[in-house]
Amino acid sequence: MCESCTPFLWVAMMFLKVNGRTRDVANEWCDESLLWVLREHLGLAGAKFGCGAGVCGACTVLLDGKAARSCLFAAREVESVEITTIEGLSISGSLHPVQRAWLEESVSQCGYCQAGQIMSAVALLQSNPNPTDREIDAALDGNLCRCGTQQRIRSAIHTAAKLARGGA
Amino acid sequence: MNRRKFLLAAAGGLTVTFSFGCALPVIPKRPRPDLSDAASWIRYASGRYLLTVPRVEMGQNVLTAMKQIACEELAIEPNALAVEMHSTAAIRRARATVGSESIKDFALPLAQACATLREAIESGAGTGMIVARAIPQEALRSFARTARFVGKAVAVEQAREIVTGKPLYASDVRRSNMHFGRVLRANASPELRSTAISMDELAAAKVPGFVAIVRDALLTQGRSEGIGIVSRTPGALERIEAALAIRWQTETEFDQSTIHQAIDIDRRTINGGLSNKVHRETLDLTRPWDVDIRIDVPLAAHAPIEPRVAVAELSGEGRLEMWVGSQDVFYQRDVIAKRLGLGEQNVVVHGMRVGGAFGGKTICTVELEAAALARASKLPIKVQWTRAQEFRHAFHRPPSSHRLRARVRNGSIEDWSHQFASSHILFTNAVLPPWLQRLTDFIGDDGVARGSTLPYRALNKRVEFDLARLPVFTGPWRGLGAGPNVFAIESAIDECARAANVDAVAFRLRHSVVPRMSRALERVASAANWGRALQSSDPAIQRGRGVACGVYKAMSYAAVVADVTIDHGRRTIRVDKLWCAHDCGRIINPDQVRAQCEGNLVWGLGMVLIEELRVAQSQIAATTFLDSPIPRISDVPPMEIVLVDEGEPPTGAGETAIVAAGAAIANAIRNATGVRPTKLPLRYEYLPPRT
Ligand code: FES
Ligand code: FES
């Protein structure tokens with residue numbers, strides 16, 4: 001429950017599986033988009049609002065392991081789905097290889113798009129552990145970055161691929 | 001039955017109405033940071049240091065740069081220093097984070113304050129305020145070649161929080177019992193007077209999550225009346241907006257041709273000279289010109305990925321607390337205090353990390369909306385603009401239209417004429433009403449003039465421009481006038497080199513009157529192996545190289561080489577590679593200067609090949625990124641950055657390379673196709689058919 005909902009007033013009407021935990025979603029949030037539920041109801045602010053129309057990728061999360069735009073789904077539609085947000089990437093405090101690569105390559109400028117970029121990169125590496133530049137471009141073309149970090153995103157994905165293979 | 005109810009007859013109880021008279025705009029204060037300000041930035045208590053950064057963090061990673069300087073002077077490890085963003089309560093007034101001046105103007109006082117603190121601690125001081133000493137730059141560690149942190153790559157502040165999704169931005173702020181607000185406006189430019197004539201308040205009130213409709217004169221922006229709505233959940237705002245179905249009345253109309261005509265340079269010069277002079281020598285207008293080109297640059301959006309956002313919360317004692325993603329935290333405080341009639345001491349504004357700004361988050365818009373809705377509803381309110389509002393209600397880079405002419409004799413520029421017309425940048429119509437803007441006319445607008453000074457030798461020069469108030473909002477955009485102006489100059493200089501039949505680099509070096517620009521040009525030419533010819537054996541493929549250089553605010557210098565491929569089979573223009581040499585004096589953080597160069601190159605690419613905001617039906621036409629695209633990862637080529645640091649005092653890197661990037665690409669297209677790009681953006685479809 002977020003601090004804005006009084007438990008006496010709102011009966012939990014729905015459950016979401018987020019980052020391996022079951023979270024209650026209060027009645028009045030069930031018609032909201034998954035993005036708003038994550039950010040404003042559950043307090044998971046990693047996924048960002050950039051357009052609300054599936055065009056910028058800032059809100060990208062994983063639904064059953066696949067990259068998806070959380071602004072396009074109503075919370076109701078993903079009730080039985082495993083939702084992974086950027087907050088759920090690191091396991092017991094140790095960063096995911098993609099997160100480590102992002103730090104190593106100092107990718108972020110303003111950083112606002114980066115949670116979405118990272119989630120798209122995680123999904124890409126799951127299906128293609130060693131992507132070429134061209135494959136990276138194809139997979140991340142829907143994740144806009146206004147600051148101009150694209151070159152670093154590309155090299156961070158290569159670095160992450162190496163880290164995931166256990167390389168240095 | 002007609003469910004629409006006219007406002008006058010609207011049901012009571014749902015609507016909160018406020019009314020205020022028209023107010024003079026608050027003008028941002030721009031104090032130079034001094035030593036006594038700097039003393040408020042650094043604190044020490046029981047072995048821990050706290051640095052409150054007087055600049056706004058928006059991706060230039062200034063938190064890190066300032067931390068490097070502080071650690072250097074305090075002689076401490078980075079983990080002994082906590083860094084925080086500033087609120088209006090934490091430090092003395094700091095001016096807006098604009099113009100690439102954070103390092104240039106803030107590095108020295110920060111270093112002096114920190115060095116004074118170190119001396120005091122070393123001599124046993126434990127408590128109390130210390131008066132910072134004006135220690136000369138040569139005696140400071142930060143500016144010495146032996147520095148430990150300055151000039152090195154260090155861990156970037158907040159980087160770990162970003163990759164783990166921690167709340168950092170104003171959009172991430174959550175307050176207890178926070179509600180959501182939006183201010184609805186007519187589908188018309190806010191420069192036009194528009195008013196709501198009817199709305200269905202009863203239908204709106206039935207939408208689950210509905211809380212209030214707010215009518216308040218404070219919600220008027222430009223001349224656009226705003227109708228506020230408040231809801232319990234953010235998605236409900238859409239549904240309330242739809243149910244409310246406001247009908248608007250808008251005065252006058254305009255379209256794309258209105259904008260074109262207003263700034264059409266050839267129409268402007270029919271009656272002679274233009275009103276603002278940069279160089280005013282007399283030219284012989286009777287002889288023919290060797291170079292005569294016209295360049296047109298369209299309106300363009302900032303398009304930060306974070307739409308502007310603010311959270312406002314009023315306490316019982318009439319104190320207002322706000323969280324903003326703004327380039328000017330103190331200005332927000334000043335405007336909010338004045339417009340809401342609160343004393344400055346009763347408004348505290350917290351500056352949060354900004355999700356991209358680029359000059360666009362400098363005025364008070366969403367902040368006033370949030371404050372007014374919080375006051376009316378007595379609830380903590382978050383307002384974040386929709387993407388459509390970002391395009392339609394914000395101000396944009398003004399379009400500009402340039403006529404450039406030159407005469408070249410014996411390999412030298414004899415006469416140079418650059419005439420252009422644009423709309424206001426510093427004296428933006430988003431803040432100044434027409435009568436007040438007219439008062440500024442005799443000063444001109446330095447933002448529009450920026451970059452138009454010719455950095456090359458010419459016997460006679462005429463550079464002049466006109467300003468026209470447009471029916472859409474225009475204002476500062478990364479680099480202000482320098483992006484379009486240097487683009488125009490570097491396009492014409494390229495033609496001059498052709499007219500003289502001299503290599504483009506050699507011609508620039510021969511004419512340059514700015515030694516540091518020449519040095520950057522030499523460095524980039526050698527990095528890119530300039531002079532190497534590009535080959536294509538495929539007749540459907542044309543390849544070309546171009547070069548351009550420029551100066552930003554007489555303090556930073558850049559030169560860029562671009563390689564492009566025109567693929568007539570695929571009907572595409574692609575940039576294959578960009579090289580950039582960049583000189584901003586002493587470098588505090590090389591990796592982040594490099595990052596700024598990369599960002600600027602991508603902006604230059606977008607400016608030339610992609611970006612344009614079109615106007616239709618009395619407003620900006622775009623509502624999504626599909627209507628007004630920005631560069632995608634597949635558009636961005638490999639980039640190689642050469643940093644030049646010969647020890648000159650540190651300046652700024654945020655807006656320099658953009659001045660050269662666009663023209664280098666355009667010059668490469670000219671080289672590949674023989675066609676001079678004159679109208680931006682240059683898309684493949686706009687190329688003339690091949691013969
Ligand atoms: S916010 Fe979901 S794609 Fe832009
Ligand atoms: S880092 Fe700013 S939008 Fe990508």
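Labels below follow one simple rule: chain letters A, B, ... track the order of the sequence lines, proteins then strands, and each chain is numbered from 1. From a predicted model like this one, the values you see are computed outputs, not experimental measurements.
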Between [options], which shows the greatest number of heavy-atom pairs under 4.5 Å with chain A?
| options | result |
| --- | --- |
| Pro307(B), Ala236(B), Pro631(B), Pro167(B) | Pro307(B) |
| Tyr169(B), Phe625(B), Phe180(B) | Tyr169(B) |
| Glu57(B), Arg478(B), Arg353(B), Gln596(B) | Arg353(B) |
| Met58(B), Glu598(B), Glu238(B), Glu161(B) | Glu598(B) |
| Ile162(B), Ile305(B), Val156(B) | Ile305(B) |
| Leu605(B), Leu626(B), Ile630(B) | Ile630(B) |

Heavy-atom contact with chain B under 4.5 Å, split by part of [X]:
| X | result |
| --- | --- |
| Ala53(A) | neither |
| Ile153(A) | side chain |
| Ile118(A) | side chain |
| Ser33(A) | neither |
| Asn143(A) | neither |
| Arg100(A) | neither |

Measure [X] against the heavy atoms of chain A and call it side chain, backbone, both or neither at under 4.5 Å.
| X | value |
| --- | --- |
| Gln158(B) | neither |
| Gln592(B) | side chain |
| His179(B) | neither |
| Pro380(B) | neither |
| Pro304(B) | backbone |

Atom NZ of Lys66(A): over 12 foreign heavy atoms under 6.0 Å: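 No - once you tally the heavy atoms of other residues, nucleotides and ligands closer than 6.0 Å, there are 12 at most.
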
Residues, nucleotides or ligands: over 12 heavy atoms within 6.0 Å of Lys378(B) NZ: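 Result for NZ/Lys378(B): open.
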
Gln151(A) side chain to Met639(B) backbone, donor-acceptor under 3.5 Å: yes

Side-chain donor/acceptor of Arg387(B) to backbone N/O of Gly50(A), under 3.5 Å: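 Yes: the side chain of Arg387(B) pairs with the backbone of Gly50(A).
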
Any side-chain heavy atom of [X] sitting closer than 4.5 Å to one from [Y]?
| X | Y | result |
| --- | --- | --- |
| Val163(B) | Gln117(A) | no |
| Val602(B) | Gln150(A) | yes |
| Glu306(B) | Cys113(A) | no |
| Val636(B) | Arg154(A) | yes |
| Phe49(A) | Pro234(B) | no |
| Thr233(B) | Glu40(A) | no |
| Gln109(A) | Gln60(B) | no |
| Thr164(B) | Gln99(A) | yes |

Report the option among [options] that has the most heavy-atom pairs separated by less than 4.5 Å from atoms of chain B.
| options | answer |
| --- | --- |
| Gly142(A), Ala138(A), Cys110(A), Gly148(A) | Cys110(A) |
| Cys145(A), Cys147(A), Gly88(A), Ser90(A) | Cys147(A) |
| Leu140(A), Ile86(A), Asp31(A), Thr149(A) | Ile86(A) |

Gap between atom OG of Ser108(A) and atom CG of Asn61(B) - 0.5 Å precision: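 With rounding to 0.5 Å, CG (Asn61(B)) is 8.0 Å from OG (Ser108(A)).
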
From Asp133(A) atom CG to Ile633(B) atom CD1, the distance as rounded to the nearest 0.5 Å: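 Spacing of CG (Asp133(A)) from CD1 (Ile633(B)) equals 8.5 Å.
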
Assess whether a salt bridge exists between [X] and [Y], defined as any Lys/Arg side-chain N lying under 4.0 Å from an Asp/Glu carboxylate O.
| X | Y | result |
| --- | --- | --- |
| Glu87(A) | Lys166(B) | no |
| Glu32(A) | Arg239(B) | yes |
| Glu611(B) | Arg146(A) | yes |
| Asp172(B) | Arg39(A) | yes |

Nearest heavy atoms of [X] and [Y], plus distance in Å:
| X | Y | result |
| --- | --- | --- |
| Gly355(B) | Tyr112(A) | CA-CB, 3.7 Å |
| Gly43(A) | Arg174(B) | CA-NH1, 3.3 Å |
| Ser634(B) | Asp137(A) | CA-OD2, 3.6 Å |

